[in-house]
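Here, residue 1 is the first one in the sequence, and each next residue gets the next number.
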Amino acid sequence: MPPHQNLDDMNGSLAKGKLSHRNGSLNNNPEGKEALKDRNLGHVNLKKRVGLLSGICLIVGTMIGSGIFISPKGVLAGTGSVGLSLLVWVGCGIISLFGALSYAELGTLITKSGAEYAYLHEAFGPFHKTLGPIPAFLFAWTSVLILKPALFGVVSMSFALYTTEPFFECGPPDVLVKIVSIVCLLFVSTINCYSVKLATKVQNFFTAAKLIAIAVITIGGFVYMGRGEVEEINTGFQDSVQSPSLIALAFYDGLWAYDGWNNLNYITEEIQNPRRNLPLAIMIGIPLVTVCYLFTNLSYLTVMTRAELLQSTAVAATWGDRVLGVAAVFIPISVALSTFGAANGSCFTGGRLTFVAAREGHLPQVLSYVHLKKFTPLPSLLVSTFLAALMVLLGDIFALIDFFSFTAWMFYGSTMAALLVLRYTMKDVERPYKVPIILPISVLCVSIYLVIAPIINDPRIEFLYAFIFVISGLVFYVPFVVMKKSLPYTDTVTKFIQLVLWCAPSKYESEIIAD
């Protein structure tokens, strides 16, 4: 990787302690004084600005997107009965909790941001100088270029659909949906680039908004139950499917509704008191989401029959028309707020993965730079937003996620394996939090199934293309990471970006994270 420009060289004036900028000097504001303190270290670091409440809101806000409001019918269709579908929803919550608690052990042992990337790198990297870092690199390669921007783009498109659909009887034109999606991406990215505190406040607000919406749906369901509208619920396990493979596929649908349980681990370095708040946020956030999903589905089934729920293209909207009457507009507004909050969370966490991978030398180093005044990973956030916007404009982003979804569980499983490896290689290291070994083993087994199931159930050539893309990262790994080659003018471009974005190198230091 090319050498970077240090703080003392920026604009030729930091050596005198007077780095001027169009927004004011470092000496004249509190954040600037923090940057000057970091100057003595030769780098700038992200700050601890995420507390317990913000951590819970990040988990809940990214897990609950638009799916529970629009189409929570995959589990019911796969199980055939009300009783079995509710058991699957709870079971998926338990599996997600097992995975997240395993990540809590990893996050309190390895206090780096980046989630799977950091844990794979720490577990397998020491085994071989060249081959050991490959799992972490391939995870970063796949997630930074496909998974994270695709998720960011999909959530922004869901926001665009729900904000424009009320104005068009036959559905909004594709061009308008893409324009609104891009506006959403840019607005969310601006928030995250400007301030971590602002981004967390936005996340907290929109998480509260979606929980209010779920509370309204839940209370409406209880009111209908009180009136005796329980015919559908009383069917219990009637018509339950008997095939274990079909039930397993219902779990597959349900677990994707819980995706996002690992997002807090992407920002470990920014969590206040992570040894306490990381496990505690997980223990509160994921059961809360499980309860929300359970009560929401119960409410739907007090108002609609199974057949009506399966036929509806917007379940919450149908529920709102029947229960809220003229106030049914509350539902699409709630969905729009929910998707915007999920987009904010996706941007917040996705940018940190790019930041950490670049800091470790697996991506261009400039992507690990931090804004001198705002302490946000500005270059990595801009790249993540650009890739998401590109996917929205040019491709079938929903199909892209379908074909790459199995790779996410492949890396979840690899991370569970990393935990087992670290139990052996770091057995004498004190663990602030430790889970029973059966938890990561269970999630590893589930991950293996979720990698294989979609391929066996519906084999398509696109799955092979996705796998080829994953391993194609080795084409770049060998010259740029192993051999440390760089493109011409890389150093010049890095310095230019550094000056334009007013950012500086960062460096992980364990004492910054220590409680």
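- Counting all heavy atoms, side chain and backbone alike, F159 lies closest to A336 at CD1-O, 3.3 Å.
- Outside the 6.0 Å centre-distance limit, the rings of Y449 and Y252 are not counted as a close aromatic pair.
- In this model, a donor atom of one side chain and an acceptor atom of the other lie less than 3.5 Å apart for T385 and S189.
- For the residue pair S506/N45, the side-chain donor-acceptor check at 3.5 Å is not satisfied.
- The aromatic rings of H362 and F137 sit perpendicular to each other, their planes meeting at more than 60°, with 30° as the lower class boundary.
- Applying the 6.0 Å contact sphere to CZ of F463 captures more than 12 heavy atoms from other residues, nucleotides or ligands.
- Scanning all heavy atoms of the two residues, the minimum distance from Y119 to N265 falls at OH-ND2, 2.8 Å.
- In this structure, the ring of W261 has its center less than 6.0 angstrom from the ring center of Y412.
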Side chain to side chain contact (heavy atoms under 4.5 Å, CB included) evaluation trace for L422 with T425: CA-CA 5 Å; L422 290 169; T425 59; 3.8 Å; yes
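- Taking the side chain as every heavy atom from C-beta outward, N262 and E116 approach each other to under 4.5 Å.
- Not one N or O on the side chain of Y258 forms a donor-acceptor pair closer than 3.5 Å with the backbone of I64.
- Looking at T163, its side chain does come within 3.5 Å of a backbone N or O of A160 through a donor-acceptor pair.
- Minimum heavy-atom separation, Y369 to P379: O-CD, 3.4 Å.
- With K148 contributing its side chain and G350 its backbone, the two residues share no donor-acceptor pair below 3.5 Å.
- When side chains are defined from C-beta on, I134 counts as touching L131, because their heavy atoms get closer than 4.5 Å.
- Annotation: side chain of Y477 is in contact with side chain of V482 (closest heavy-atom distance under 4.5 Å).
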Worked verdict on S380 versus T354 for side-chain hydrogen bond (donor to acceptor under 3.5 Å, both in side chains): CA-CA 6 Å; S380 62; T354 306; 5.6 Å; no
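- In this structure, C193 and T376 approach most closely via the heavy-atom pair O-OG1, 2.8 Å.
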Ring pair (Phe, Tyr, Trp, His ring centres under 6.0 Å) between F139 and Y117, intermediate numbers included: CA-CA 6 Å; F139 170 76; Y117 175 84; 7.2 Å; no
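- Between E270 and R352 there is a salt bridge, since at least one side-chain N of the basic residue sits less than 4.0 Å from a carboxylate O of the acidic one.
- In this structure, the side chains of I267 and L58 come closer than 4.5 Å at one or more pairs of heavy atoms.
- Using a 4.5 Å heavy-atom threshold, the side chains of I441 and L444 count as separate.
- Of all heavy-atom pairs between S156 and V392, the closest is OG-CG2, 4.2 Å.
- In plain terms, the two heavy atoms of T108 and P274 that are nearest each other are CG2-O, 3.9 Å.
- Remark: K47 does not engage E269 in a salt bridge, criterion side-chain N to carboxylate O under 4.0 Å.
- In this structure the side chain of V155 never reaches within 4.5 angstrom of the side chain of T62, judged on heavy atoms.
- Taking a cutoff of 4.0 Å between a charged side-chain nitrogen and a carboxylate oxygen, K178 and D174 do not qualify as a salt bridge.
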Worked check of ring pair (Phe, Tyr, Trp, His ring centres under 6.0 Å) between F406 and F467: CA-CA 9 Å; F406 78 95; F467 179 73; 7.4 Å; no
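- Under the 3.5 Å distance criterion, the side-chain polar atoms of Q203 are matched with a main-chain donor or acceptor of G345.
- Ring to ring, F469 and W141 are close: their centroids are under 6.0 angstrom apart.
- Residues S81 and S240 have side chains that bring a donor and an acceptor to within less than 3.5 angstrom of each other.
- Checked by atom type and distance alone, the side chain of R460 never pairs as donor or acceptor with a backbone atom of I455 at under 3.5 Å.
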Verdict with supporting geometry, M391 and M157, side chain to side chain contact (heavy atoms under 4.5 Å, CB included): CA-CA 11 Å; M391 290 182 180; M157 289 191 72; over 6 Å; no
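- Counting only distance, with no hydrogens or angles, the side chain of T490 and the backbone of L487 share a donor-acceptor pair below 3.5 Å.
- Proximity of S85 to V75: side-chain heavy atoms (C-beta onward) are separated by under 4.5 Å at one or more points.
- With contacts defined as side-chain heavy-atom distances shorter than 4.5 Å, the pair W256/F251 does not qualify.
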